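In this text, all values refer to a predicted model and were calculated from it rather than measured experimentally.
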Amino acid sequence: MMGLFIISDTATSFYTLGIKPGNTFAIYNSSYSAQDILNDGCINSFAGFTPLVENGSSVRQSVKDLYSAGSEKHSRQVIAQYSNKDILILTVDGR
């Protein structure tokens, strides 16, 4: 999703990070469609990710286990949010 447009609605086993107005994050599992996320008020999203931390706490191991290549050397992105709602996106080339 970008703005109010659905770019792709391909289902995956990963999560989607939705961004609502005011930079409020919302996490959706694979049971949500792009239209569901749009209807929930998200204006942008990142699809195909696995959350490591949610609401300041580590997620369950079963969520982390969804990404089997987690220990392999691949490029990585970290999306974080400061308490003032600023968003940090860090990309690292892991190869």
Closest approach of [X] and [Y], non-hydrogen atoms and distance?
X: S45; Y: G18; answer: CB-CA, 4.1 Å
X: K20; Y: C42; answer: CG-SG, 3.8 Å
X: Q81; Y: I87; answer: NE2-CG1, 4.4 Å

Exercise. For the pair D40 (side chain) and I37 (backbone), establish whether a donor and an acceptor sit closer than 3.5 Å, ignoring hydrogens and angles.
Key: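 No, D40 side chain to I37 backbone: no donor-acceptor pair under 3.5 Å.
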
Quiz item: Can you check whether Q35's main-chain N or O pairs, donor with acceptor, with N39's side chain at less than 3.5 Å?
Solution: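 A pair under 3.5 Å: yes.
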
Self-check item: Linked, directly or transitively: V92 and V78 (ILVMFWY side chains, under 4.5 Å)
Solution: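 Yes, same cluster.
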
Quiz item: When you look at F25 and I79, which way does the side-chain contact (heavy atoms from CB on, under 4.5 Å) test go after all the steps?
Solution: CA-CA 10 Å; F25 282 179; I79 303 170; 3.9 Å; yes

Sub-4.5 Å side-chain heavy-atom contact between [X] and [Y]:
X: I27; Y: L17; result: yes
X: T16; Y: Y32; result: no
X: T24; Y: K85; result: yes
X: I89; Y: Q77; result: yes

Exercise. To the nearest 0.5 angstrom, please state how far the CG atom of D36 sits from the OH atom of Y28.
Key: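 Those atoms lie 9.0 Å apart.
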
Practice problem: To the nearest 0.5 Å, tell me how far S30 OG sits from Y15 OH. | Solution: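 It is 7.5 Å, given to the nearest 0.5 Å.
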
